[in-house]
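Small disclaimer: the values here were computed from a predicted structure and weren't measured. Every chain is numbered from 1, with letters handed out A, B, ... down the list of sequences.
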2 protein chains.
Amino acid sequence: MEKYKKLLKENGLKITPKRFAIISYFLKNNKYFTPYEIWKFMKKKFKKIGLPTIYRNLEQFEKIGILTRVEGEENRFYYGICKKTNKKHHHHIICTSCHKISDFEICNFGQLKKQVEEITEFDIKEHHLFLKGICQNCKKGV
Amino acid sequence: MEKYKKLLKENGLKITPKRFAIISYFLKNNKYFTPYEIWKFMKKKFKKIGLPTIYRNLEQFEKIGILTRVEGEENRFYYGICKKTNKKHHHHIICTSCHKISDFEICNFGQLKKQVEEITEFDIKEHHLFLKGICQNCKKGV
DNA sequence: TTTTAAATGAAAATCATTTTCATTTATAAA
DNA sequence: TTTATAAATGAAAATGATTTTCATTTAAAA
Ligand SMILES: [Mn+2]
Ligand SMILES: [Mn+2]
Ligand SMILES: [Zn+2]
Ligand SMILES: [Zn+2]
């Protein structure tokens with residue numbers, strides 16, 4: 001958790017038990033959740049906690065790279081842990097069965113970029129690669 | 001429009017003036033819009049038209065491949081024309097300046113797939129590549 | 001022309017997300 | 001350790017996108 005303490009500090013965010021609890025929950029589960037799901041969990045540990053606090057924190061955590069936001073079922077937005085908090089370029093993959101989320105650093109978009117720019121006549125500023133699949137546990141039927 | 005007439009028919013959707021007006025609007029503009037924006041336009045041409053009708057049609061059009069849904073500004077969902085209504089694998093690129101949307105068929109994800117599967121231990125089922133950039137017109141300052 | 005299911009409008013409901021504002025708390029200065 | 005300050009928070013209400021309901025209309029097929 002030292003890493004996260006540092007990250008919060010670096011970004012001018014205060015260190016609070018609630019923030020640590022949220023981060024721990026994501027770290028422990030490696031799954032993506034809705035703000036509401038996080039709130040349900042947090043209410044067990046903190047008798048007083050509002051849903052807006054969850055929304056506010058998840059948004060900030062995404063901004064500083066601790067979490068990533070993915071579009072999951074039912075056009076809802078979910079958040080999942082983003083382990084690559086270093087600034088390295090990377091992408092995410094989710095398991096449609098258990099909602100596990102992982103990240104990986106390999107990317108070959110660079111090889112494609114020029115060609116797409118020629119065909120579309122766009123200057124490409126961002127590329128987002130998003131993968132869906134079945135994770136190892138779900139393959140094994142866990 | 002014959003192409004779209006056929007597509008609607010093939011998918012068991014009735015041919016209506018409103019549907020054609022929606023499709024024409026997307027074809028004419030090559031930009032992505034919110035359902036509300038489409039509604040504002042449609043109200044000029046049809047004195048009676050409800051927002052739910054727009055939502056319902058946009059959703060159906062996406063399902064049959066006429067439109068694609070993209071996440072644009074402010075965490076809203078937008079729809080844009082999807083020219084590649086043939087079933088060919090393709091991806092989309094949007095202009096963050098004028099909201100133009102285009103599609104292109106080249107893709108090199110196949111070369112990456114095995115490697116990502118090894119690293120992440122996922123079986124990859126879907127990949128989505130989504131690009132943002134500046135279109136030719138906006139580059140020229142139009 | 002008749003029949004039938006799909007499409008629609010109007011109104012209300014839903015529900016995720018955000019805002020407001022008074023209170024609490026982490027942090028750093030004194 | 002106090003004190004000062006801005007950030008964080010909870011409660012409640014507001015917002016706003018999207019969906020549902022249901023009676024009516026309409027396209028398409030018989
Ligand atoms: Mn990449
Ligand atoms: Mn591809
Ligand atoms: Zn899984
Ligand atoms: Zn543009």
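- Computed from coordinates, the Leu8(A) CG to dA28(C) P distance equals 13 Å when rounded to whole Å.
- Judged purely by distance below 3.5 Å, without hydrogens or angles, the side chains of His127(A) and His91(B) never pair a donor atom with an acceptor atom.
- One interatomic measurement links the two molecules: OH of Tyr78(B) to P of dA17(D), which rounds to 10 Å at whole-angstrom precision.
- The distance from atom NZ of Lys9(A) to atom P of dA7(D) is 16 Å, rounded to the nearest whole Å.
- Only Lys48(A), Ile49(A), Gly50(A), Pro52(A), Thr53(A), listed by number, bring a heavy atom of residues 34-54 of chain A to less than 4.0 angstrom from any atom of DNA chain D.
- Just one of Leu67(A), Ile93(A), Thr68(A) meets the side chain to side chain contact (heavy atoms under 4.5 Å, CB included) condition when paired with Ile101(A); it is Thr68(A).
- Rounded to an integer number of Å, the gap from NZ of Lys18(B) to P of dT26(D) is 8 Å.
- Residue Asn11(B) contributes atom CG, which lies 16 Å from atom C1' of dA28(D) at whole-angstrom precision.
- Among Ile49(A), Thr34(A), Thr53(A), the single residue meeting the side chain to side chain contact (heavy atoms under 4.5 Å, CB included) criterion with Trp39(A) is Ile49(A).
- Phosphate contact (OP1/OP2 of dT9(D), side-chain N/O of Thr16(A), threshold under 4.0 Å): present.
- If you take CZ of Arg76(B) and C1' of dT18(D), they are 9 Å apart, rounded to a whole angstrom.
- With hydrogens and angles left out, the side-chain atoms of Lys100(A) and Asn29(A) include no donor and acceptor closer than 3.5 Å.
- Neither OP1 nor OP2 of dT19(D) sits under 4.0 Å from any side-chain N or O of Tyr55(B).
- Side-chain proximity of Arg19(A) to dA8(D), dA26(C), dT17(C): nearest is dA8(D).
- Aromatic rings of Phe77(B) and Phe77(A) (six-membered ring for Trp) have centroids within the 6.0 Å cut-off, being under it.
- Put simply, CG on Asn57(A) is 15 Å from C1' on dT18(C), counting in whole angstrom units.
- Side-chain proximity of Arg56(B) to dA26(C), dA27(D), dA10(C): nearest is dA10(C).
- Heavy-atom nearest nucleotides on DNA chain C were determined for Leu13(B) and for Phe77(A), and the one closer to the 5' end corresponds to Leu13(B).
- A close approach under 4.0 Å does not occur between any side-chain nitrogen or oxygen of Lys14(B) and OP1 or OP2 of dT8(C).
- No donor-acceptor pair under 3.5 Å is formed between the side chain of Asn108(A) and the backbone N or O of Gln111(B).
- Side-chain polar atoms of Lys63(B) and Asn11(B) form no donor-acceptor pair below 3.5 angstrom.
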